[in-house]
Amino acid sequence: MGDIMRVQTSGASEETARQDRLAVRGVAASRKMAQTDFSRMQKYKGLIESVAREKNVQVGIIAGIMSRESRAGAALNQGWGDHGNAFGLMQVDKRYHTPRGGWDSREHISQATGILVDMITAIQKRCSDWTSEQQLKGGIAAYNCGPNGVSKNYNDVDSSTTGRDYSNDVVARAQWYQQNW
């Protein structure tokens, strides 16, 4: 698996940045949103670190997904988001998986991180000519849209993701968390 700090990213789109009424977009917007979620993220620090060790995933990646998916819990309604289709801090979609554990539990974070690892593995097989960092970014995109939704053209990795910026935004947030954890 690649190193999140070596993944190239353009960050959040203007549309994603507008969620926080930010005047900036790109990496600066993603970092600002990660920073906004940081105090809430601290509540889950021990759980994230434990799951990161167990699944051999950098803590920043888990935190970056958690920030994008649920704003570290702030965007959830009794643990649910996406019009009642996705559950927990990392938004496990009930249409494709059976959510496990409480919405903010270690079991949930472990399940969601396991899904991420499966997506990275699928992209490693599907896009074997990509670098490990490109495969990591592709796996993050696949966490949102499934492996078949990820273009085999790396420059279009987010073409089927929410906001068309999912992996770029998550990577920028993850890099911020990795540096500031």
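When reading the values below, keep in mind they use all heavy atoms of this one structure, side chains included, and skip hydrogens, waters and symmetry mates.
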Worked verdict on T162 versus R68 for side-chain contact (heavy atoms from CB on, under 4.5 Å): CA-CA 11 Å; T162 304; R68 168 72 184 226; 4.0 Å; yes
Give the minimum heavy-atom separation between [X] and [Y], together with the two atoms involved.
{"X": "A29", "Y": "A12", "result": "CB-CB, 4.2 Å"}
{"X": "M1", "Y": "V57", "result": "CE-CG2, 4.1 Å"}
{"X": "L136", "Y": "G2", "result": "CD2-O, 3.5 Å"}

Short question: side chain of [X], backbone of [Y] - any donor-acceptor pair under 3.5 Å?
{"X": "R126", "Y": "V150", "value": "yes"}
{"X": "Q91", "Y": "G88", "value": "yes"}
{"X": "Q58", "Y": "A52", "value": "no"}
{"X": "T161", "Y": "D158", "value": "yes"}
{"X": "D37", "Y": "A72", "value": "no"}
{"X": "Q135", "Y": "C127", "value": "yes"}
{"X": "D20", "Y": "L22", "value": "no"}
{"X": "R173", "Y": "S67", "value": "yes"}
{"X": "T121", "Y": "V117", "value": "yes"}
{"X": "S50", "Y": "L47", "value": "no"}

Does any part of the side chain of [Y], heavy atoms only, come nearer than 4.5 Å to the side chain of [X], both counted from C-beta?
{"X": "Y154", "Y": "K137", "value": "yes"}
{"X": "P147", "Y": "M119", "value": "yes"}
{"X": "R31", "Y": "V27", "value": "yes"}

Nearest 0.5 angstrom please: [X] [atom1] to [Y] [atom2], how far?
{"X": "D104", "Y": "I109", "atom1": "CG", "atom2": "CD1", "answer": "7.5 Å"}
{"X": "S132", "Y": "R6", "atom1": "OG", "atom2": "CZ", "answer": "7.0 Å"}
{"X": "I115", "Y": "I120", "atom1": "CD1", "atom2": "CD1", "answer": "12.5 Å"}

Side-chain H-bond candidate by donor/acceptor type, E49 with W181, under 3.5 Å: yes
Test item: side-chain donor near acceptor, Y166 and E69, under 3.5 Å: yes
Would one find more than 12 heavy atoms of other residues, nucleotides or ligands at under 6.0 Å from atom [atom1] of [X]?
{"X": "K43", "atom1": "NZ", "value": "no"}
{"X": "R71", "atom1": "CZ", "value": "yes"}
{"X": "N56", "atom1": "CG", "value": "no"}

Derivation and outcome, side-chain contact (heavy atoms from CB on, under 4.5 Å), residues F87 and L76: CA-CA 8 Å; F87 183 72; L76 302 179; over 6 Å; no
Indicate, with yes or no, if [Y] and [X] share a hydrophobic cluster defined by side-chain heavy-atom contacts under 4.5 Å among Ile, Leu, Val, Met, Phe, Trp and Tyr.
{"X": "Y143", "Y": "I48", "value": "yes"}
{"X": "Y177", "Y": "M33", "value": "no"}
{"X": "I65", "Y": "M5", "value": "yes"}
{"X": "Y44", "Y": "I4", "value": "yes"}
{"X": "M66", "Y": "W80", "value": "yes"}

Verdict with supporting geometry, V171 and Q175, side-chain contact (heavy atoms from CB on, under 4.5 Å): CA-CA 6 Å; V171 166; Q175 289 171 343; 3.6 Å; yes
Under-4.0 Å salt bridge between R106 and E54: yes
Charged tip of K32 within 45° of W176 ring normal and under 6.0 Å: no
Residue that, paired with S30, satisfies side-chain hydrogen bond (donor to acceptor under 3.5 Å, both in side chains) out of D169, T16, D165, T9: D169
Sole candidate of T113, I61, L116, I62 that passes side chain to side chain contact (heavy atoms under 4.5 Å, CB included) when paired with K55: T113
Contact list for residues 92-127, test ring-ring contact (aromatic ring centres under 6.0 Å, His included), sequence neighbours left out: none
Salt bridge (charged side-chain N to carboxylate O under 4.0 Å, His left out) involving D93 - partner list, sequence neighbours excluded: R95
